[in-house]
Asks: 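Okay, handing you the structure first.
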Amino acid sequence: YNQIYMHRELPVRYFSADITVPSSLRCGGYQDNLVGVVMWFSSGNTSSVLHLDSLDNINCVLDGQKQLVLIDKVNTVII
């Protein structure tokens with residue numbers, strides 16, 4: 001079977017009507033500060049390398065499961 005892995009960054013203006021921000025994040029106008037949507041799709045059993053995202057994230061799993069390993073950024077080393 002084929003491995004499928006896709007990553008696409010799109011401006012929020014294309015998805016603003018489709019984005020539902022969780023109720024816990026609707027205070028203080030948080031949703032008004034969303035600037036982009038980064039969509040990741042895979043057929044499963046994929047992984048990414050250890051990395052530091054420059055922006056905060058909201059992760060959603062539509063089907064299956066995802067394992068996240070979060071490391072406090074005070075433990076980062078800039079090389």
Asks: With a 4.5 Å cut-off on side-chain heavy atoms, are V38 and H7 touching?
Replies: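 In contact.
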
Asks: In the hydrophobic clustering (ILVMFWY, side-chain contacts below 4.5 Å, transitive), which residues join V74, or is it alone?
Replies: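 Members other than V74 - counting any ILVMFWY side chain reachable under 4.5 Å - there are none.
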
Asks: Which residues satisfy the side chain to side chain contact (heavy atoms under 4.5 Å, CB included) test with N59, sequence neighbours excluded?
Replies: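 Applying side chain to side chain contact (heavy atoms under 4.5 Å, CB included) to N59 gives N57, K66, L68.
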
Asks: Residues two or more places apart in sequence or in another chain: which of them pass side chain to side chain contact (heavy atoms under 4.5 Å, CB included) with Y5?
Replies: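 Partners of Y5 by the side chain to side chain contact (heavy atoms under 4.5 Å, CB included) criterion, ordered by chain and then number, come out as W40, S42, T46, S48.
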
Asks: Is the CG atom of D63 crowded by more than 12 outside heavy atoms at less than 6.0 Å?
Replies: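 Open.
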
Asks: State, yes or no, whether a side-chain contact exists between L50 and V69 at a heavy-atom distance under 4.5 Å.
Replies: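 No - every pair of side-chain heavy atoms lies 4.5 Å or more apart.
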
